[in-house]
Protein chains: 2
Amino acid sequence: MLAVHLENRRVTLKRKPRPRRREGFALLRLLAGGICNTDLELLRGYYGFRGTPGHEFTAEVVEADNRALIGQRVVGEINLACGRCDWCRRDLGRHCPSRTVLGIVRHPGAFSEFFTLPERNLHILPPEIPTEHGVFVEPLAAACEILEQVAIPRSARVAVLGDGKLGLLAAQVLQVHGAEVHLYGRHPQKLALARGLGIETHRTERRPRAAYDWVVEATGAPEGLVQAVTMVRPRGAVVLKSTTHRAVRMDTAPVVVNEVTLVGSRCGRFQPALELLRSGAVRVDRMIADRFPLTRARQAFARAAAPGVLKVLLIAGEAR
Amino acid sequence: MLAVHLENRRVTLKRKPRPRRREGFALLRLLAGGICNTDLELLRGYYGFRGTPGHEFTAEVVEADNRALIGQRVVGEINLACGRCDWCRRDLGRHCPSRTVLGIVRHPGAFSEFFTLPERNLHILPPEIPTEHGVFVEPLAAACEILEQVAIPRSARVAVLGDGKLGLLAAQVLQVHGAEVHLYGRHPQKLALARGLGIETHRTERRPRAAYDWVVEATGAPEGLVQAVTMVRPRGAVVLKSTTHRAVRMDTAPVVVNEVTLVGSRCGRFQPALELLRSGAVRVDRMIADRFPLTRARQAFARAAAPGVLKVLLIAGEAR
């Protein structure tokens, strides 16, 4: 089978044997994958990564212990947890210290004709959700995680900093929650897309100082944190969604003096995200910038890394 | 009158006219002042400071609108708030955007024979608290602020990173709260002092990774934040107490991936601190490293800046 391979800052395709599923695991056939900023960071050497990336996907179940899964379209939670530790018992397997992570940490990713995941990680994609939209479940779950961690009142004014994929999803989730969302970005087309969804938009260059009790930082750049801290009011909270492997120089005095809370926020539960897509409350159709077959992964990664480009999909061909 | 003056990284004494109190303000005569790390930072140029520092003090009221105050020993909250804005109405004048701050921001400080503060900032020092211990009310209130901001369970294990003045106060406050406190530091004498108060101590070099749900960062150094983040468990909280004017290089990925919360924490209400000192629940007697008359302020600052030295006091002489 064909699998995308990242090594030494290069994207290549490798022929590999089809993976064998272990007990409790499903063998999955990729239908569509989404390139995430984290994948671009992996290409730059984040986590010292070498191997097959991909953690946003819709797939078809080929083999599984649970026969009811076979033939179903599924999406999957990306953390492969031990299932036995304290974290797992608290339903927080995404923090399990011995976890591997699909396409990120020691588990081959979804940008491959076939791959495996534990059956307990899978969610059947409801028929109302198109296959291509399934790739948004994972980042949308990450956007929903904000509301699991931070008690944002329904009528709060919230700034979302960053008009990329995660920023657009976070802005929509917060809008559905009932917040008055102000999206700050640098890309006129993305801001126009947000306005089409009824979201108030502003240019990042015109961001106000000390103006919001809640700021979601989704710039994908380490500098976003420093910008977000200037936007938040004393005693306010900044939710950090960007994972980058570059360090940022930061003066922590404003955080202490203004008693700001910074909340790191990563993966979320899939169930709320599936419901938001199924009901149409969150719209992702206009966030798809381009589609490439798996065989053109190098071009797909280059396109995804270009400034201002939203979600680039990898579509699996018929090759088995 | 004599006043300490900081300018161009030098400590000098100036003769100045005695300040005149405005309506609502008390004229105070310094009895004892405490040199804080913030004062040492001001000497290094923090806030572009030039003038008379000092915000930890016990003083005698010389003149006031409220005649019942005259002759009393008092301590005072350091933020001079407008009293009219939203923050002030919420009893959070310490975040009032138009505030001045005693000895820090545009209000001459307490290291002076006489100084002024609004009468509403003053608290009468209970007779059980010695004059020299009154200087600890302000930093102890800052330590109490931790529990106002973060809901630490009474039986939680909490690491306090930093065995300086604020670390020792925070460790005691958390111990009184009922937490199992582990104090991490680099100074054998300070750690011994903490053990004498029944606090478990460890060397900072031997700090464990991902071991605490709660870490209080009180190192006074910008690097403390990075160290504290390595000590906290996923989904845990780091309370930041250090204000330094130096920036720190920080990789935010662990904060995001482990969903750590960072809570900036500054000044607190005086009432809980006064009660902890009055009852003897918090002990500060052994934290006084040295005493100097106001006329020897330069030597006092040098002593306070020496490694491993706890609280240095400035005692006002009889000179009027």
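Predicted model, so just to flag it, every value in this text is computed and none were measured. Here is the naming used below: chain letters follow the sequence lines, and residue numbers restart at 1 for every chain.
Salt-bridge annotation for A:E148 and B:R235: absent, with no side-chain N of the basic residue lying under 4.0 Å from a carboxylate O of the acidic one.
Between B:L240 atom CG and A:L262 atom CG the span is 7.5 Å, to the nearest 0.5 Å. Annotation: the span from A:T252 atom OG1 to B:R246 atom CZ amounts to 10.0 Å, rounded to 0.5 Å. One finds the CG atom of B:L92 at 8.0 Å from the CD atom of A:E259 (value rounded to the nearest 0.5 Å).
In A:R157, the CZ atom is crowded: over 12 heavy atoms of neighbouring residues, nucleotides or ligands sit closer than 6.0 Å. Heavy atoms of other residues, nucleotides or ligands lying less than 6.0 angstrom from CZ of B:R50 number 12 at most.
Nearest heavy-atom pair, B:T261 versus A:V263, reported as atom, atom and distance to 0.1 Å: OG1-CG1, 3.9 Å. Nearest heavy-atom pair across A:A253 and B:Y46 is CB-OH, 3.6 Å. When every heavy atom of B:V256 is checked against every heavy atom of A:S242, the shortest pair comes out as CG2-O, 3.4 Å.
Looking at A:V257, both its backbone and its side chain come within 4.5 Å of chain B, counting heavy atoms on both sides.
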